[in-house]
Each structure stands twice: as structure tokens, then as C-alpha cells.
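Taking it in order: structure first as C-alpha cells, then the write-up.
These numbers come from a predicted model, not from an experiment. Chain identifiers are assigned alphabetically (A, B, ...) following the order of the sequence lines, protein sequences preceding nucleic acid strands; residue numbering begins at 1 within each chain.
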Protein chains: 2
Amino acid sequence: MTQTAPSSLALRIKQAGLRLTAPRRVILQVLDSADDHPDVEELHRRAQAIEPGISIATVYRTMNALAEHGLIERQRFDDGRTRYEAVPEEHHDHFIDVETGQVVEFRSDEIERLQQDIARAHGFEIVSHRLDIFVRRKR
Amino acid sequence: MTQTAPSSLALRIKQAGLRLTAPRRVILQVLDSADDHPDVEELHRRAQAIEPGISIATVYRTMNALAEHGLIERQRFDDGRTRYEAVPEEHHDHFIDVETGQVVEFRSDEIERLQQDIARAHGFEIVSHRLDIFVRRKR
DNA sequence: GTTACAACTGCGAATTAGTCGCATTAAAGA
DNA sequence: TCTTTAATGCGACTAATTCGCAGTTGTAAC
């Protein structure tokens with residue numbers, strides 16, 4: 001009998017003390033196969049396509065649970081909708097090409113370190129951060 | 001008779017082809033004297049204090065108009081409220097206290113420079129950027 | 001000044017994203 | 001298998017924001 005290998009999210013959801021229910025299995029499958037940044041409505045649509053009957057309230061609750069446990073990342077863009085992406089193994093920041101919309105990931109340990117230094121100097125400890133750099137291709 | 005000098009926003013609003021109405025005058029005054037990041041409800045409260053009768057719908061509409069014309073910056077943090085600040089002379093980044101919602105501005109020339117370096121290495125030139133660091137007070 | 005017209009306003013109703021209470025179901029550990 | 005309790009679906013609810021409309025008012029042209 002064929003069975004999809006449990007996604008890393010499925011494993012981590014249990015480690016986080018959450019239950020791996022049928023609706024969640026579907027939502028995780030959707031998240032795993034998404035390489036974009038879907039909002040709840042879109043996640044719900046995709047989940048419904050796999051298994052009708054899943055309530056949008058469940059999608060909301062699941063995304064909140066996942067976000068609270070750090071298993072996904074919430075992205076609030078300027079369009080008023082909350083979107084999500086699976087948390088990458090290693091943190092990265094984004095270049096966004098303002099002309100093409102293309103997103104390029106990058107990572108700078110030096111910037112990460114500087115952030116730590118500055119936060120510490122302000123008496124803060126960092127929970128998370130987000131750096132989006134809007135760019136244009138040089139020519 | 002005493003008259004407040006027209007704020008830079010008041011000048012720029014006309015240059016943008018928008019009308020400088022009485023409610024807008026008040027809202028601009030509030031924005032000019034704000035050194036925090038008020039949300040619409042707070043802006044409305046402050047505007048009301050100066051001139052009662054201003055509708056919250058007008059605050060919403062004015063802020064949208066200003067943002068569309070680049071005269072203010074919209075900040076959508078993770079607490080679901082949209083906040084605003086006058087476009088600053090000099091760029092800065094944000095610490096957001098995840099517990100209190102408090103926003104603290106900071107600026108690091110070193111981080112700015114690093115971003116330039118990394119962007120250049122990728123063949124990009126920076127248009128703008130946004131760095132939000134979510135923190136918690138150390139104790 | 002007066003006029004004219006579109007932009008703007010206040011109001012309350014409508015829309016939208018997200019949450020919640022409740023009765024029911026079903027993970028998962030014993 | 002039994003038990004406990006988290007999770008679910010549903011629909012009602014809330015909070016933030018938008019919108020329709022009728023009345024007002026900047027502003028540019030006379």
C-alpha cells in the first residue's frame with residue numbers, strides 16, 4: 001500500500017505536542033507542496049480540492065497553531081491578507097525585484113550578528129526578524 | 001492672529017493634486033506632531049481632540065490617499081492593525097516588542113552598508129528596504 | 001467675488017478577515 | 001479497548017476597513 005512519506009511538518013507537529021488529525025494531514029500536504037505564499041483562503045481552496053469538508057475555521061486554527069509553535073512563518077504584506085510559508089531549515093532574507101517581482105533569497109551572518117549586537121544594546125532579545133530588500137537589476 | 005505654519009505634508013499634499021480640506025489640515029497636524037506609530041483609531045482620537053466631528057472614515061480615506069501618493073508610510077505589523085508614520089527624512093528600521101507591541105526605531109549604518117555590498121554582489125541596486133526585528137525585553 | 005464641478009465629507013450600512021462557543025468526533029496514551 | 005481532551009465543523013460574532021449616498025467645500029476659471 002502506497003503512503004506518502006510523513007512530511008517534516010508532520011513529524012514536527014507531533015514533537016510540538018499537537019495532534020496529527022486528518023484535516024491537518026491535508027493542510028500539511030498543501031503547505032509542503034506550496035512554493036509560494038498562499039493566504040488562508042487559498043490554502044482552504046487547495047485543501048478542499050484534496051479533501052472536501054475541511055472548514056476554513058480549521059485552516060485558521062491550524063495555521064495559528066503552527067505559527068505559535070514556529071513551524072510556519074506568517075507574512076503580512078501590504079495587501080491586508082496574512083500569508084504563510086513553511087519555515088525554511090535555515091533563516092534567510094529576501095531580495096524582491098521591484099520590476100519583475102522575482103524573489104531571491106540570501107543570508108548574511110554578518111547582518112545577523114549585527115542585529116544581535118544592536119538588540120542587546122537596546123536591552124532586547126530577538127524573537128525573529130524579517131528583512132526585505134526591494135531592488136532593481138543593475139545594468 | 002496666530003496661524004500654524006503649513007506643514008511640509010500640507011505643501012506636499014497640494015503638489016500631489018489632493019485638496020487641503022479642513023479635516024485633512026487637522027489630520028496632517030496630528031501626523032506632524034506624532035513621533036510614534038499611531039493606528040487609525042489613535043489618529044482619529046487625536047484628530048477629534050483638536051476638532052470634534054471628524055469621521056473615522058475620513059481618517060481612513062486620508063491615510064489611504066497619503067500612502068498612495070507616498071507621503072506617509074504604511075506599516076503592517078503582525079498585530080493586525082495598520083499603523084502609519086510620516087515618511088522620515090532618514091531611513092530607520094524597527095524593533096517591535098512582541099509582548100507590548102511597542103515600536104522602537106533604530107538605525108545601523110553598518111547594516112545599511114552590508115546590504116549595499118550584498119546587493120551589489122548579486123547584481124542588484126537597492127530601491128528600498130524594510131527590516132523589522134521582533135524582540136522581547138531582556139530581564 | 002461668483003460660479004461650477006469634482007473631490008471630499010459624515011453617516012451608517014456593508015464587507016472582509018479572523019475568532020469563538022458549542023456540541024460532536026477522534027487522536028493517542030494507558 | 002477505554003479515557004481524556006485536543007481538534008473539528010458550523011454558524012454566529014467581532015473588529016478593521018470600505019462603500020454608497022446625499023450634502024459640502026476647495027479650487028480653478030470666469
Inset, instruction - Nearest 0.5 Å please: distance from the CD1 atom of B:Ile72 over to the CZ atom of B:Arg83. - result: 14.0 Å

Inset, instruction - Please tell me which of the listed nucleotides, D:dT18, D:dT17, C:dT9, lies nearest to the side chain of B:Asn64? - result: D:dT18

Inset, instruction - Establish whether the base of D:dA7 is bridged to the side chain of A:Arg61 by a donor-acceptor pair shorter than 3.5 Å. - result: no

Legend entry - A:Lys14 NZ - C:dA27 P separation (whole Å): 10 Å

Inset, instruction - Send over the distance from A:Leu20 CG to D:dA7 P, rounded to a whole Å. - result: 11 Å

Inset, instruction - Can you figure out which of D:dC19, D:dT27, C:dT19 approaches the side chain of B:Ala57 most closely? - result: D:dC19

Inset, instruction - For B:Leu66 and C:dA7, give me the distance from atom CG to atom C1', rounded to whole Å. - result: 15 Å

Legend entry - Inter-residue atom distance A:Ile133.CD1 - B:Ile126.CD1, 0.5 Å rounding: 4.5 Å

Inset, instruction - Compute the centroid of each ring, for B:His122 and then for A:Phe95, and state whether the two points are separated by less than 6.0 Å. - result: yes

Legend entry - Nucleotide nearest A:Pro23 (side chain, heavy atoms from C-beta), chosen from D:dT27, D:dT8, C:dA28: D:dT8

Inset, instruction - Identify which nucleotide among D:dT17, C:dC8, D:dC10 has an atom closest to any side-chain atom of B:Arg24, counting heavy atoms from C-beta outward. - result: C:dC8

Legend entry - B:Asp39 CG - D:dA15 P separation (whole Å): 14 Å

Inset, instruction - Let me know the distance between CZ of A:Arg83 and P of C:dG18, rounded to the nearest Å. - result: 11 Å

Inset, instruction - Side-chain contact test, heavy atoms from C-beta onward, threshold under 4.5 Å: evaluate it for A:Gln116 versus A:Arg113 and give yes or no. - result: no

Inset, instruction - For C:dT9, take OP1 and OP2 only and decide whether either is under 4.0 Å from a side-chain N or O of B:Ser55. - result: no

Inset, instruction - May I ask you to say what A:Ile56 touches in the nucleic acid, namely base, sugar-phosphate or nothing, with a heavy-atom cut-off under 4.0 Å? - result: nothing

Legend entry - A:Thr62 side-chain N/O to D:dA7 phosphate OP1/OP2 under 4.0 Å: no

Legend entry - Nearest-angstrom distance from the residue atom CZ of B:Arg25 to P of D:dT27: 7 Å

Inset, instruction - Mind calculating the distance between CD1 (A:Ile13) and C1' (C:dA28) to the nearest angstrom? - result: 14 Å

Legend entry - From D:dA16, C:dT19, C:dT9, nucleotide with atom closest to B:Tyr60 side chain: D:dA16

Inset, instruction - For the pair B:Asp36 and B:Arg46, find out whether any cationic side-chain nitrogen is under 4.0 Å from an anionic carboxylate oxygen. - result: yes

Inset, instruction - Find the distance A:Glu51:CD to C:dA26:P and express it as a whole number of Å. - result: 12 Å

Inset, instruction - May I ask you to evaluate whether B:Thr21 reaches the phosphate of C:dA7, defined as a side-chain N or O under 4.0 Å from OP1 or OP2? - result: no

Inset, instruction - Nearest-nucleotide wise, let me know which of B:Arg19 and B:Glu41 is further upstream toward the 5' end of DNA chain D. - result: B:Glu41

Inset, instruction - Would you please confirm or rule out a distance under 4.0 Å between OP1 or OP2 of D:dA7 and any side-chain N or O of A:Thr58? - result: no

